[in-house]
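Down below is the structure, laid out as C-alpha cells.
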Amino acid sequence: MPTTQPMPARRQALRAPPPKPPRRQAPAPIEYPDSDGKPMAETPVHWHATVDFAQPLMDRYAERTDSYVGSDMLMYWREGDPAKRVSPDVFVAFGPNKEPERRIWKVWEEGTAADFVLEVTSNSTKGRDEGFKADLYARLKVTEYWQFDPTEDYLRPSLKGRRLNADGAYEPIPVERRDGQLSGFSEVLGLEFRPDGPALRLFDPVRGELLPRFREQSQIADAATAERDAAQAERDTAQAERDAALAAHRAEAEARRAAEARIAELERRLAAADE
C-alpha cells in the first residue's frame, strides 16, 4: 500500500500594509493685497480734490481715538474672498480704534464698513459710482454716500448726496444754492460741503468757519510762527530798553555817590584847614 506523502505547508501570503492616508496640508493663508495697481486718481485735479477733502477730516478727528479716516484704501467686505473689494476715495468710520494704522480695511474685523463715503467722480467712473458702488454702500449700511465731480464732467451741479432711510435704501440729500453758493449738509459729519471750483470745502456751522486745507494749514502755521517771532522780538527789544534804563540809572546813582564823596572830602579838608 503506497505511503501517503504529507502535503507541504502553504506559506501564508504577506499582506501589504494599508496605505497611509495623505497628510493633510494646512490651507494656504488668504492674501488681501493693499494695492490694486490702479492710480489713486484719474487726474491731478481729482487727486487734489481728494486730498483737500480728506486732510481736513483727518485733522478734525485727530484727537478722537474711536474714529478712522481713510483715503484710497482697499476695503474688503467678505472674509475669504479677496475679489470682494472696493476702494473709496474718502471714508470715515466711527467706532473702530484709530490705532494701529491699517494698510487695508477688513469689514469683518472692524465691525463696520464706514459711516460716510465720498467718491470724487468723473465721466469715466460714473457708471460704477452710480450703480455698483451705490448698491454696495447701501448693502454695507454706509449711512451717507456723496459724490463730487470737480470738473463737472457729468454732475451738474457738481455735488450729490444720498442718505440711508429706515428701509435701508438711499434717498437724495438736498443740495441747495444760498447766495450763489452751492451747499449740502452731512448729518454724519455735522459739516456743510461747499464746492469751490475744483475743490470741495468743508464748513463748520458751529464755529462759522471753513476747515483749512493742507496748504492753508502751512500758511496758518507760518503766519503763527511769524507772529510769535515778532512778539518775541518785541519782548526782547522791551527787555533791552529796560536793561539800558536800569544800567543808566545805576550809572547815574554811582556818579551821584562819587560826587557826594568828593564834596564830603573837600568839606573835611576845609574843616581841617580852619583848625
Side-chain angles (χ1 to χ4, degrees), residues 35-58 69-77 83-93 105 113-165 167-203 210-211 213-215:
S35 173
D36 57 6
K38 298 178 181 179
M40 176 179 173
E42 182 177 351
T43 68
V45 173
H46 293 78
W47 183 85
H48 282 296
T50 301
V51 173
D52 285 344
F53 187 87
Q55 188 63 52
L57 287 177
M58 293 178 182
V69 180
S71 180
D72 194 42
M73 176 186 292
L74 285 175
M75 177 183 290
Y76 293 89
W77 73 83
K84 302 301 182 183
R85 67 190 186 190
V86 68
S87 181
D89 288 330
V90 183
F91 73 89
V92 181
W105 190 265
D115 296 283
F116 170 91
V117 165
L118 171 78
E119 294 290 356
V120 180
T121 190
S122 68
N123 195 49
S124 64
T125 64
K126 69 177 182 180
R128 185 172 173 83
D129 293 342
E130 295 284 354
F132 168 76
K133 288 188 177 181
D135 293 339
L136 174 64
Y137 293 148
R139 286 192 284 113
L140 294 178
K141 296 181 172 55
V142 176
T143 305
E144 287 185 358
Y145 171 41
W146 289 79
Q147 293 166 265
F148 175 60
D149 183 356
T151 57
E152 293 190 335
D153 282 347
Y154 80 95
L155 275 185
R156 295 181 180 85
S158 60
L159 184 64
K160 180 178 181 178
R162 301 173 173 93
R163 185 177 296 120
L164 285 181
N165 59 22
D167 297 326
Y170 278 133
E171 292 182 348
I173 298 175
V175 175
E176 304 172 342
R177 286 194 179 274
R178 301 174 184 173
D179 300 327
Q181 172 67 63
L182 189 66
S183 175
F185 182 73
S186 167
E187 293 181 357
V188 170
L189 303 181
L191 297 171
E192 289 182 19
F193 301 156
R194 297 181 175 182
D196 182 13
L200 182 59
R201 303 302 307 269
L202 295 92
F203 180 81
L210 290 168
L211 272 61
R213 294 174 290 187
F214 179 75
R215 287 163 288 178

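Here K133 pairs with E119, D129 under the salt bridge (charged side-chain N to carboxylate O under 4.0 Å, His left out) rule; sequence neighbours left out. Residues satisfying the side-chain hydrogen bond (donor to acceptor under 3.5 Å, both in side chains) test with D153, not counting sequence neighbours, are T151. Legend: residues meeting side-chain hydrogen bond (donor to acceptor under 3.5 Å, both in side chains) with Q181, ordered by chain and number and at least two apart, are absent. Every residue two or more places apart in sequence or in another chain that forms a side-chain hydrogen bond (donor to acceptor under 3.5 Å, both in side chains) with W146 is listed here: E144. For L182, the side-chain contact (heavy atoms from CB on, under 4.5 Å) partners two or more places apart in sequence, or in a different chain, are P157, S158, L159, V175, R177, P195. Partners of K141 according to the side-chain contact (heavy atoms from CB on, under 4.5 Å) rule, which considers only residues two or more places apart in sequence or in another chain, are L164. Residues that satisfy the side-chain contact (heavy atoms from CB on, under 4.5 Å) test with N165, not counting sequence neighbours, are D167, A169, E171. With sequence neighbours excluded, the residues that form a salt bridge (charged side-chain N to carboxylate O under 4.0 Å, His left out) with E187 are R163. Taking the side-chain hydrogen bond (donor to acceptor under 3.5 Å, both in side chains) definition, one finds that R194 meets it with E192, sequence neighbours left out.
Residues E130 and Q147 have side chains in contact (heavy-atom distance under 4.5 Å, counting atoms from C-beta outward). Looking at Y170 and V142, their side chains come closer than 4.5 Å, going by heavy atoms from C-beta outward. Here the side chains of H48 and R213 are not in contact, with every heavy-atom distance at 4.5 Å or above.
The OG atom of S71 sits 9.0 Å away from the CZ atom of F91 when rounded to the nearest 0.5 Å. Atom OG of S186 is separated from atom CZ of F203 by 14.5 Å, given to the nearest 0.5 angstrom. Taking OG1 from T121 and CD from E152, the interatomic distance works out to 12.5 Å, rounded to the nearest 0.5 Å. Note: F193 CZ to F185 CZ = 9.0 Å, rounded to the nearest 0.5 Å.
F53 and L118 get closest at one heavy-atom pair: CD2-CD2, 3.5 Å.
Looking only at distances, a side-chain donor or acceptor of D89 sits under 3.5 Å from a matching main-chain atom of V120. In terms of modelled atom types and a separation under 3.5 Å, the side chain of R201 and the main chain of L211 share a donor-acceptor contact.
Annotation: ring-ring contact (aromatic ring centres under 6.0 Å, His included) contacts involving residues 117-141, sequence neighbours excluded, comprise Y137-Y145.
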